[in-house]
Number of protein chains: 2
Amino acid sequence: MTNWLNPTELSSWLSLAELVVKLPAALDAQLQRDSGLSHFEYMVLARLSEAPAQSLRMSSLAAISNGSLSRLSHVVKRLEQRGWVVREPCPEDGRYTNAILTGTGREKVTAAAPGHVGAVRSLVIDRLDADQLEALRAICGRIAAGLPGSTCPE
Amino acid sequence: MTNWLNPTELSSWLSLAELVVKLPAALDAQLQRDSGLSHFEYMVLARLSEAPAQSLRMSSLAAISNGSLSRLSHVVKRLEQRGWVVREPCPEDGRYTNAILTGTGREKVTAAAPGHVGAVRSLVIDRLDADQLEALRAICGRIAAGLPGSTCPE
DNA sequence: GCCGTTTACTTGACGCTTCAACTGATCCGG
DNA sequence: CCGGATCAGTTGAAGCGTCAAGTAAACGGC
């Protein structure tokens, strides 16, 4: 006996399903067009640029970038080939690898940031009022908390 | 002069960014594990099962499945190989192709549906109250309306 | 202090999506 | 009608993500 979605629930769900497909595509398109970066690549560079010493362990970087370690490893290899990141083993514990943003990498993400933030603003933030923005934060937090990989399993 | 996100805006955005990455992954994982289907494949089969005569034009099916025509073409080819869909050119206008759900395809999607709906419920719907559900619908609709490919350009 | 286990990360192969180029079918101006 | 333009869909190649297997360093029990 399946508990199917009623029309109200279905409508909300279909709206969300459309969003999770199309919003990432739109943001990727802007970054790709204007900076030649995928959203994930941008995220990696941006997180590094915010980190102390422009440097983070691969596993921490993977976590805050919402990606798997394997995915990050492939992406960092490509970013390294483009000269935006370097990798070096952690001196204290050889199991860890630190990803470090280079000077050129910093320039790259600095140049890409305004366009990306502009897209986030025009596609999301500026289309919602203050109440909606707060509701969105609460809703996303609530759903994310129940997802596998959350630090809050309840 | 970039208009950066303030802490409130940033917090909402990061929550949403996490959601659009992790929610599809979680739904895909359930479908893949329990039915051997991707979310997009499920969507295609589900939309066909709701259509009159279990049949839709490729381009209409692509639109309501939130995918490109090219992606759909590849996926329908695979679904056809698995015996769940057949394709035939439209008799009236040879440019159109109709995708039609087979009997086995109907059984497949019928078997997969309860598990998928259960996942949507437990991960999304049942975690929100009625107000949040309605707010979510409004927010997603508002954002989606501004995305490329929307029927409502404003 | 040695060996098995665990941790952190890398790698290669496979599958899926995208993009651009292509095929066919229909429309339309003259 | 005939030829170019447009429309619907397909295809192949290239790139990215995932998974499973592998490597290398550090821990931990004895």
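Just so it is clear: chains get the letters A, B, ... in the order the sequence lines come, proteins before strands, and each one is counted from 1.
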Expected list for residues 53-68 of chain B: side-chain donor-acceptor pairs under 3.5 angstrom, two or more places apart:
residue, atom, partner, partner atom, Å
B:Ser65, OG, B:Leu61, O, 2.6
B:Ser68, OG, B:Arg71, N, 3.0

Partner residues of A:Glu134 under the side chain to side chain donor-acceptor pair (under 3.5 Å) criterion, sequence neighbours left out: A:Arg137
Heavy-atom pair with the smallest gap, counting every atom of B:Ala144 and A:Leu19: N-CD1, 4.4 Å
For A:Glu50, what residues pass the side chain to side chain donor-acceptor pair (under 3.5 Å) criterion, not counting sequence neighbours? A:Arg47
My understanding is that only residues two or more places apart in sequence, or in another chain, count here; which of them pass side chain to side chain contact (heavy atoms under 4.5 Å, CB included) with A:Asp129? A:Asp131, A:Gln132
Specify the residues of residues 31-43 of chain B, ordered by number, for which at least one heavy atom lies under 4.0 angstrom from an atom of DNA chain C. none
Nearest-nucleotide comparison on DNA chain D, the residue closer to the 5′ end among A:Pro91 and B:Leu72: B:Leu72
With 3.5 Å as the limit, what N/O pairs link the protein to nucleotides 11-14 of chain D?
residue, atom, partner, partner atom, Å
D:dT11, OP2, B:Lys77, NZ, 3.3
D:dT11, O4, B:Ser70, OG, 3.1
D:dG12, O6, B:His74, NE2, 2.9

Atom-to-atom span, CZ of A:Arg82 to P of D:dG15 - whole angstrom: 12 Å
Atom CZ of B:Arg57 to atom C1' of D:dT10: distance rounded to whole Å? 18 Å
Please say yes or no: joined through hydrophobic side-chain contacts below 4.5 Å, possibly via intermediate residues, are B:Tyr96 and B:Val85 part of one cluster? no
Please enumerate all residues that pass side chain to side chain contact (heavy atoms under 4.5 Å, CB included) together with A:Val120, with sequence neighbours excluded. A:Leu27, A:His116, A:Ile125, B:Leu5, B:Trp13
So which of residues 58-66 of chain A are in contact with DNA chain C, with a heavy-atom cut-off of under 4.0 Å? A:Met58, A:Ser59
Report yes or no: does A:Ser12 contribute a side-chain atom to a donor-acceptor pair with the main-chain N or O of B:Leu136 at less than 3.5 Å? no
Which residues pass the side chain to side chain contact (heavy atoms under 4.5 Å, CB included) test with B:Thr8, not counting sequence neighbours? B:Asn6
Would you please name every residue forming a side chain to side chain contact (heavy atoms under 4.5 Å, CB included) with A:Asp28, sequence neighbours left out? A:Ser38, A:His39
Whether the side chain of A:Ser73 engages the backbone of A:Ser70 through a donor-acceptor N/O pair (distance < 3.5 Å, no angle test) should be reported. no
B:Asp28 CG to D:dC16 C1': how many Å, rounded? 15 Å
Name all pairs fulfilling the side-chain hydrogen bond (donor to acceptor under 3.5 Å, both in side chains) condition that reach into residues 83-95 of chain B, sequence neighbours left out, sorted by first residue then second. B:Glu80-B:Arg87, B:Asp93-B:Arg95
Provide the start and end nucleotides, 5' to 3', of the part of DNA chain C that has atoms under 4.0 Å from heavy atoms of chain A. C:dT7 to C:dG12
Is A:Arg71 near enough to D:dG15 that one of its side-chain N or O atoms lies under 4.0 angstrom from OP1 or OP2? no
Closest contact, heavy atoms only, B:Leu16 versus A:Cys140: CA-SG, 3.8 Å
